[in-house]
Amino acid sequence: VRCVQEAGCKCHGTRCQPGSAPSRCTNCGGRGHVHMYRGQMKIKSECQVCQGHGMTIKFPCHECGGEGVQEQRIQEGIDIPQGVQHGQIVRYEFRGDVDQRGGERGDLVVKLSLIHISEPTRQAEISYAVFCLKKKK
């Protein structure tokens with residue numbers, strides 16, 4: 001499988017340049033969300049200053065651009081289970097993107113597309129096109 005995957009950065013997820021640190025967001029007080037009032041209704045929304053992190057970065061990391069992770073192209077071997085069908089989605093635990101906050105890796109989710117079946121013999125080979133599925137940001 002060849003895909004683009006999020007990997008750890010030299011900043012170790014702090015999103016800051018070496019020697020600097022994030023500071024508490026003054027807009028939301030570090031909560032990551034703000035409350036707006038419309039008449040009698042109280043609406044909770046993500047803080048637009050810190051994008052829900054609760055922290056602001058004065059000097060973002062040059063390597064990851066302040067994201068805490070970097071994208072890298074990977075090529076990884078996967079085992080395709082017997083009996084899979086065209087369009088089937090297969091999940092591989094702990095082989096996906098890294099967690100931006102230091103947790104364990106996510107799952108790699110692939111969609112299999114059957115592209116060729118040779119004549120049914122004992123040595124029949126099946127070829128698959130494999131697509132990595134990514135969440136929209």
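Hydrogens, waters and symmetry mates are skipped; everything else that's a heavy atom, side chains included, is used. Everything quoted here is computed from the prediction, not taken from an experiment.
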All N/O donor-acceptor pairs, side-chain side in residues 34-45, below 3.5 Å, sequence neighbours left out:
none

*Verify the neighbour count for atom NE2 of His62: are there more than 12 heavy atoms of other residues, nucleotides or ligands below 6.0 Å?*
no
_Validation row: Tyr92, Val110 side chains within 4.5 angstrom (heavy atoms)_ = yes
Do any side-chain atoms of residues 19-29 form donor-acceptor pairs under 3.5 angstrom with protein atoms, and if so which ones, sequence neighbours left out?
unit_1 : atom_1 : unit_2 : atom_2 : d
Ser20  : OG     : Gln17  : N      : 3.4
Ser20  : OG     : Gln17  : O      : 2.8
Ser23  : OG     : Thr56  : OG1    : 3.3

*Answer whether the closest heavy-atom distance between the side chains of Pro60 and Cys16 falls below 4.5 Å.*
no
*Any side-chain heavy-atom pair from Val109 and Ile89 closer than 4.5 angstrom?*
yes
*Is the shortest heavy-atom distance from the side chain of Glu46 to the side chain of Gln51 under 4.5 Å?*
yes
*Kindly give the heavy-atom pair with the smallest separation between Cys11 and Gly68, and that separation in Å.*
SG-CA, 4.1 Å
*asked:* So Glu63 and Cys9, do their side chains get closer than 4.5 Å, heavy atoms only?
replied: yes
